[in-house]
Participant: 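Sharing a structure, written as structure tokens. Questions coming.
Chain A is the first sequence line, chain B the second, and so forth, proteins listed ahead of strands; every chain is numbered from 1.
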There are 2 protein chains.
Amino acid sequence: MEQKKNLTIKDIAKLANVSPGTVDRVIHNRGKVSDKALAKVSVVLEEIQYKPNVFAQSLKKQKSLYFSVLIPRKEDDGYWRTAHEGITRAIEDFDHFGIDVKVTSFNSKLPADFTSKANEILSESPNGLLITPVFLQESLDILKKFENAGIPYVTFNTKIPDLNPSCAIGQNLKQSGRLAANLIDHCCKQMGNLLIIHLDENPGNAPHMIQKENGFREYFQSRNHNMEIKSIVIPHREPALINDILNKQAGDLRNVTGAFVTTAKVHLVAYPIKSRFNDCVVIGYDPTANNIDGIKSGTIDFLINQNPYMAAYEGIAKLTDLLVFGKNIDPEKLLPLDIITSENLDSYLLN
Amino acid sequence: MEQKKNLTIKDIAKLANVSPGTVDRVIHNRGKVSDKALAKVSVVLEEIQYKPNVFAQSLKKQKSLYFSVLIPRKEDDGYWRTAHEGITRAIEDFDHFGIDVKVTSFNSKLPADFTSKANEILSESPNGLLITPVFLQESLDILKKFENAGIPYVTFNTKIPDLNPSCAIGQNLKQSGRLAANLIDHCCKQMGNLLIIHLDENPGNAPHMIQKENGFREYFQSRNHNMEIKSIVIPHREPALINDILNKQAGDLRNVTGAFVTTAKVHLVAYPIKSRFNDCVVIGYDPTANNIDGIKSGTIDFLINQNPYMAAYEGIAKLTDLLVFGKNIDPEKLLPLDIITSENLDSYLLN
DNA sequence: ATTATATTTGTGTTCGAACACACAAAATCA
DNA sequence: TGATTTTGTGTGTTCGAACACAAATATAAT
């Protein structure tokens with residue numbers, strides 16, 4: 001029932017009246033054990049709750065475990081830069097567990113790059129993989145291969161159906177849309193009109209944007225109000241183009257009291273919005289360097305923290321739990337939806 | 001310069017041309033080493049960055065480390081209940097590092113209880129202590145004794161000057177007051193009047209309340225507005241008494257648009273406030289069971305999460321880092337100031 | 001019955017650090 | 001100079017699990 005304290009293999013051997021070697025064979029079922037011996041050992045194992053000494057185990061195995069990480073390049077986005085920092089920190093923290101981590105980056109706009117890098121990693125057969133499966137079909141294809149190769153993997157940032165990662169780390173995106181709506185609701189008291197802005201990517205290729213928008217709209221559907229909620233798609237990152245489209249699509253709008261930008265690129269539109277619509281509440285994602293400036297200068301009011309730092313860090317932590325300590329880990333880890341304002345920004349930054 | 005990978009004591013011995021025993025003696029400076037040998041070994045140790053193998057170390061030392069935890073009883077407050085949960089979880093998580101944790105609770109209203117329990121712990125000379133030094137003078141006295149006994153301790157919840165804990169875990173309280181002000185500012189647009197409510201404790205004995213109030217007022221000082229900000233002290237927890245004092249002190253107030261309650265007891269006043277002042281924004285602390293109900297029913301708008309769960313968990317984690325892995329740990333760990341609303345509540349609850 | 005072959009079981013070594021203990025070298029005293 | 005103490009150094013065992021290999025037993029083939 002209750003686990004006795006620290007029974008060793010030798011103890012078990014004594015209890016079962018066999019040799020330590022036999023117990024070892026049973027535990028790792030590496031065959032060559034008579035039914036009789038197996039029965040004896042099994043009984044004892046049932047009885048006591050054998051927990052191997054992780055220290056002895058790791059010492060012996062010298063498990064220089066090899067983890068691979070595949071994420072977009074840090075220069076692709078402040079979001080990814082932060083993710084890289086989380087990885088770096090995790091490597092430092094878990095270093096002495098004898099793990100060996102190799103980080104590979106891909107261009108987040110090039111599916112082919114993703115696939116080729118992933119295949120390269122596969123050929124090195126790491127003990128575990130941490131990956132951001134940003135491309136749906138490509139990810140499915142390649143990760144099935146990892147499954148077949150028996151290489152456990154943890155995903156973060158994106159969740160892909162039909163895959164069975166050891167753990168999927170992420171956030172409830174629809175809920176984060178609802179949260180944005182909730183904040184705007186608190187500030188605007190259901191007056192004026194609202195904007196949803198999709199930036200630098202096309203919602204068609206970025207399901208996460210859709211989910212956020214759905215959540216946002218859902219929140220207001222259940223409340224009576226007479227605000228207009230308008231979605232604008234700006235698949236560019238150049239200021240001139242952004243202004244252009246903003247003029248075309250929102251030029252006729254009056255009295256906009258809230259704007260919800262569905263990505264970390266929010267800093268690109270914050271000022272244009274604020275200068276057009278006075279006192280408009282601007283909400284976006286992630287405290288990247290540019291967005292931090294926005295928060296401090298007041299062009300951005302709220303940021304929802306997708307916490308790439310923690311997500312990446314947790315990814316390595318989960319792999320370590322799984323492979324170093326042999327723990328069971330939950331197949332999904334939902335990160336909290338942090339709200340960041342000018343006044344709690346620092347508390348999220350210093351670590 | 002760069003640390004070679006995994007040099008062992010034997011390797012060092014070979015490099016320095018001495019025996020492993022000598023290297024060991026130098027590393028742990030347990031004497032009996034000639035100046036000549038010491039010099040040789042020191043040179044090599046400078047050269048390479050020796051990092052002992054934690055697994056071998058722990059295996060040998062069989063360090064059944066004994067940690068003591070001293071915190072208020074879980075029934076004293078939802079805050080403390082959550083802290084207990086964090087401890088429990090940490091014990092589970094770190095169990096296999098061979099640590100042994102004993103939790104002692106004291107009545108958070110009785111300094112004498114605190115002192116006697118602490119002395120009892122001291123007499124058991126644990127390897128480390130996690131403590132919430134809620135009573136200023138008593139904590140100073142007893143923790144000095146721990147320092148003299150060479151027992152490292154980590155504090156959380158309260159920070160006491162003149163003490164040198166291995167790590168002080170907590171939040172920037174003044175900043176959390178500013179954050180509350182910031183949220184109210186966003187919602188109220190500097191119209192109407194504001195309340196600060198101190199509940200169930202007297203600010204005189206609870207410095208944390210003062211700091212929060214100071215932060216709150218400071219935020220508005222730097223902005224021009226003509227709101228009245230009134231502080232109310234209600235050193236009770238009985239609904240009747242609360243209503244009574246509220247009537248006396250706020251009976252004449254009109255148009256209150258925001259109320260900031262400085263503790264986790266916010267649920268006790270949320271409804272009275274909301275029913276008196278329609279649309280008043282209510283902000284308090286911590287998602288305790290009662291406050292969760294308040295958030296869900298809409299009587300509470302925002303909660304700032306003091307995160308006792310994480311604070312307590314981190315406490316055990318820090319002790320483990322320090323004593324099991326011999327890491328250097330930062331003397332202060334500031335936790336983020338999480339903002340909780342009805343829409344991100346769940347993301348903080350499920351773990 | 002007697003090798004030969006397969007199956008099962010036991011023993012011994014290893015991982016790296018900690019520490020006890022034995023021995024060697026130098027220092028002190030007679 | 002020899003006896004004795006002090007100091008310095010090296011060797012060997014231990015922790016618990018993993019695994020290689022040898023030993024013992026059982027089974028099959030001749």
Participant: Apply ring pair (Phe, Tyr, Trp, His ring centres under 6.0 Å) to A:F94 and list each qualifying residue two or more places apart in sequence or on a separate chain.
Facilitator: A:Y313
Participant: May I have all residue pairs that pass salt bridge (charged side-chain N to carboxylate O under 4.0 Å, His left out) and include part of residues 146-161 of chain B, sequence neighbours excluded?
Facilitator: B:K144-B:E147, B:K159-B:E332
Participant: Five pairs at each end of the helix from C:dA1-D:dT30 to C:dA30-D:dT1: take the axis at both ends and give me the angle between them to 10°.
Facilitator: 60°
Participant: Is any side-chain heavy atom of A:Y66 less than 4.5 Å from a side-chain heavy atom of A:V101?
Facilitator: no
Participant: With a strict under 4.0 Å distance from non-hydrogen atoms of chain A, what nucleotide opens and what nucleotide closes the contacted stretch of DNA chain C, reading 5' to 3'?
Facilitator: C:dT8 to C:dG16
Participant: For the residue pair A:N307 and A:Y348, confirm or rule out a side-chain donor-acceptor distance under 3.5 Å.
Facilitator: no
Participant: For B:A56 and for B:A37, find the nucleotide of DNA chain D with the closest heavy atom, then tell me which residue's nucleotide is more 5'.
Facilitator: B:A37
Participant: Between the protein and nucleotides 24-27 of chain D, which nitrogen or oxygen pairs come in under 3.5 angstrom?
Facilitator:
none

Participant: Listed by chain and number, what are the side-chain hydrogen bond (donor to acceptor under 3.5 Å, both in side chains) partners of B:D24, not counting sequence neighbours?
Facilitator: B:H28, B:R30
Participant: Between B:F55 and A:F55, what is the ring plane arrangement, given parallel below 30°, perpendicular above 60°, and tilted in between?
Facilitator: tilted
Participant: Report yes if a side-chain nitrogen or oxygen of B:S34 is closer than 4.0 Å to either non-bridging phosphate oxygen (OP1 or OP2) of D:dT9; otherwise report no.
Facilitator: yes
Participant: Write down the distance between NE2 (A:H28) and P (D:dA20), rounded to a whole number of angstrom.
Facilitator: 12 Å
Participant: Got a donor-acceptor contact below 3.5 angstrom from the B:N127 side chain to the B:L65 backbone?
Facilitator: no
Participant: List for me each residue that meets side-chain contact (heavy atoms from CB on, under 4.5 Å) alongside A:I329, sequence neighbours excluded, and say none if there are none.
Facilitator: A:S166, A:C167, A:K318, A:D321, A:L322
Participant: Would you please name every residue forming a ring pair (Phe, Tyr, Trp, His ring centres under 6.0 Å) with B:F114, sequence neighbours left out?
Facilitator: B:F106, B:F135
Participant: Using distance alone, with no hydrogens and no angle criterion, decide if B:D11 and B:T8 have a side-chain donor and acceptor under 3.5 Å apart.
Facilitator: yes
Participant: I'd like to check the side-chain contact (heavy atoms from CB on, under 4.5 Å) partners of A:T158; sequence neighbours left out, ordered by chain and number.
Facilitator: A:P133, A:V134, A:I160
Participant: For DNA chain D, which residues of residues 9-25 of chain A approach it to below 4.0 angstrom with any heavy atom?
Facilitator: A:I9, A:D24
Participant: Among residues at least two apart in sequence or on other chains, which ones pass side-chain contact (heavy atoms from CB on, under 4.5 Å) with A:P331?
Facilitator: none
Participant: So, using side-chain contact (heavy atoms from CB on, under 4.5 Å) as the criterion, who are the partners of B:S19 when residues are at least two apart?
Facilitator: B:T22
